[in-house]
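Only one structure is covered here, and it is reproduced in the block below.
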Amino acid sequence: MSSKSQSSVLHKFKGVIFSTMSSEELLNSLDSFEAREDDVFLVSYPKSGTHWIAKVIENIPNARITLTPPIELGDISKFEELKTYCERRVIPTHLSYSMLPMNVKQKPCKIIYIIRNPKDIAVSFYHYYRDNPNLPSIETWHEFFELFLKGDVVYGSWFDHVLSWEEHKNAKNILIISYEEMKKDPSKNIKKIATFLGLNMTDSEINQIVWKTSFAEMKNNTAKENCDPNHTICALTSNRNLVFRKGAVGDWINYFTSKQKRVFDELFTEKMKHSELAKHFGDYS
Ligand SMILES: Nc1ncnc2c1ncn2[C@@H]1O[C@H](COP(=O)(O)OS(=O)(=O)O)[C@@H](OP(=O)(O)O)[C@H]1O
């Protein structure tokens, strides 16, 4: 760590590290959030592709939705702010299942859980930590790898996050979307998302969304959207330039040493041995 200490920008809530952009008061009050039956929660561990899926949903014709800022970003006034949205709310969050407001679990709110190969997440997260003034400074990939492995990063351990969703993966109101499957067949997955939300689309509308939400197109539009506070769906920065880095599958190979790969794979095999969600990564892990 250099210029900033961990404690100046981070704090712990229920054993999990959060940025001070999520106030303790807000986190303590999550259970007082009033969910609406038609709310859609867009849930992910950081760097799993949240902005991508949000953009897909925003572009579905006649969806009549409003993308809100993350539920855990800000202070206690957040819940009042969320009440002001009249349209169907799409609410992003990086919270694990156990931290999700009670009310969301009691209502038939729809939940889209996005998953991604954790090695690519680690690399994406490393760059994000390194360049984000709202997070502690990280000197090297090696340093970040050790923190990621121990879960000593914002939102905690990737393993704990995914496993918290594992037993809910077959619930009727939960849709699992994988980054790798989105990359392989965006049309199929965009259709899956629309159908899950009860919306129909023609093939030509789907093709339009594939184009509008391609990595190149989204990266090109960041300059425009950076100035628009309505496009802040990231809980850790409002600077979208930090979000659109490479958009590739398998970039981990350029960072992991063979020893790091072995250590990570051993931990993965041990922690994820009963996980069906892990199968979504196919050959990429
Ligand atoms: N359209 C599209 N296609 C492919 N990949 C995309 C797309 N949009 C975002 N990304 C990549 O997703 C990574 C960021 O994930 P999140 O949006 O979840 O980030 S955040 O946690 O909300 O900040 C980050 O991954 P890396 O490039 O590997 O760092 C983004 O580049």
Side-chain angles (χ1 to χ4, degrees), residues 1-24 27 44-52 70 72-74 92-96 99 114-162 179 215 218-219 222 226 232-268 271 281 284-285:
M1 301 291 133
S2 63
S3 57
K4 274 169 289 165
S5 70
Q6 286 263 14
S7 59
S8 66
V9 286
L10 302 179
H11 61 119
K12 268 198 175 178
F13 177 73
K14 295 187 177 169
V16 174
I17 298 175
F18 280 87
S19 141
T20 46
M21 292 168 80
S22 298
S23 83
E24 196 178 336
L27 294 172
S44 59
Y45 186 82
K47 315 322 290 175
S48 301
T50 328
H51 285 75
W52 189 7
E72 72 272 23
L73 173 66
T93 181
H94 292 314
L95 294 175
S96 64
M99 285 193 189
I114 311 161
I115 54 170
R116 185 182 187 190
N117 172 354
K119 290 198 194 108
D120 280 339
I121 287 182
V123 169
S124 178
F125 217 174
Y126 158 63
H127 288 92
Y128 193 64
Y129 249 77
R130 201 191 57 183
D131 302 335
N132 189 339
N134 297 321
L135 291 173
S137 306
I138 291 288
E139 301 292 339
T140 62
W141 155 245
H142 183 77
E143 183 190 353
F144 185 78
F145 175 78
E146 295 298 323
L147 293 176
F148 187 79
L149 218 55
K150 287 188 277 184
D152 277 345
V153 289
V154 271
Y155 295 101
S157 151
W158 176 86
F159 296 102
D160 291 349
H161 202 284
V162 174
Y179 183 98
F215 179 74
M218 286 186 70
K219 194 175 168 79
T222 51
N226 256 339
T232 301
I233 68 155
C234 190
L236 301 167
T237 179
S238 56
N239 181 354
R240 292 169 66 89
N241 288 323
L242 297 182
V243 174
F244 303 95
R245 188 186 63 92
K246 200 161 184 180
V249 169
D251 191 35
W252 64 267
I253 209 138
N254 299 314
Y255 293 85
F256 277 63
T257 63
S258 48
K259 181 170 173 217
Q260 285 173 334
K261 178 183 183 309
R262 196 177 62 247
V263 169
F264 193 89
D265 286 349
E266 276 169 18
L267 187 64
F268 186 94
K271 295 248 192 200
F281 311 129
Y284 307 111
S285 55

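Here CG of Asn132 is found 8.5 Å from OG of Ser19. Values are rounded to the nearest 0.5 Å. Here the CD1 atom belonging to Ile17 is positioned 8.0 Å from the CG atom belonging to Leu147, to the nearest 0.5 angstrom. For the atom pair Leu267 CG and Arg262 CZ, the distance stands at 13.5 Å (nearest 0.5 Å). Note that CH2 of Trp158 and CD1 of Ile115 are 7.5 Å apart. Values are rounded to the nearest 0.5 Å. Rounding to the nearest 0.5 Å places CZ of Arg116 at 4.0 Å from OH of Tyr179. In this structure, the separation between NE2 on His127 and CZ on Phe144 is 10.5 Å, given to the nearest 0.5 Å.
Checked against the 6.0 Å centroid threshold, Tyr45 and Tyr155 do not count as a close aromatic pair. No close placement of the Tyr255 and Phe145 rings is indicated, their centers lying 6.0 Å or farther apart.
No cation-pi contact links Lys119 to Phe264, judged by a cut-off of 6.0 Å to the six-membered ring centre and 45° from its axis.
Atom CD of Glu146 has more than 12 heavy atoms from other residues, nucleotides or ligands within 6.0 Å.
Side chain of His161 to backbone of Pro46: no donor-acceptor contact under 3.5 angstrom is found. Here the side chain of Asp120 pairs a donor or acceptor atom with the backbone of Asp251 at under 3.5 angstrom. No donor-acceptor distance shorter than 3.5 angstrom exists from the side chain of Lys47 to the backbone of Phe125, with no hydrogens or angles considered. With hydrogens and angles disregarded, a donor-acceptor distance shorter than 3.5 Å links the side chain of Thr20 to the backbone of Val9. Between the side chain of His11 and the backbone N or O of Ser23, no donor-acceptor pair lies under 3.5 Å. Checking side-chain atoms of Ser44 against main-chain N and O of Ile114 turns up no donor-acceptor pair under 3.5 Å. Side-chain atoms of Tyr129 come within 3.5 Å of backbone N or O of Val154 as a donor-acceptor pair.
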Open item on the list: Run the side-chain contact (heavy atoms from CB on, under 4.5 Å) test on Tyr128 and Arg245 for me, step by step, so that the C-alpha distance in whole Å, both residues' side-chain angles and the decisive distance to 0.1 Å come before the verdict.
Closed with: CA-CA 9 Å; Tyr128 193 64; Arg245 188 186 63 92; over 6 Å; no
Task: Steps toward side-chain contact (heavy atoms from CB on, under 4.5 Å) verdict (Met218, Val243) - done: CA-CA 10 Å; Met218 286 186 70; Val243 174; over 6 Å; no
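Of all heavy-atom pairs between Ile138 and Arg130, the closest is O-CG, 3.9 Å. Nearest heavy atoms, Ser48 versus Ile121: OG-CD1, 3.4 Å. Across all non-hydrogen atoms, the minimal contact from Asp265 to Lys261 is OD2-NZ, 2.6 Å.
Using a 4.5 Å heavy-atom cutoff, the side chains of Asp160 and Val16 are not in contact. Annotation: side chain of Phe148 is not in contact with side chain of Tyr126 (no heavy-atom distance under 4.5 Å).
Ring orientation note: the planes of Trp141 and Phe256 are tilted relative to one another, at an angle of 30° to 60°.
Residues forming a side chain to side chain contact (heavy atoms under 4.5 Å, CB included) with Lys14 (at least two apart in sequence, or on another chain): Met99.
None of Leu135, Asp152, Val153 except one satisfies the side-chain contact (heavy atoms from CB on, under 4.5 Å) rule with Leu10; the exception is Leu135.
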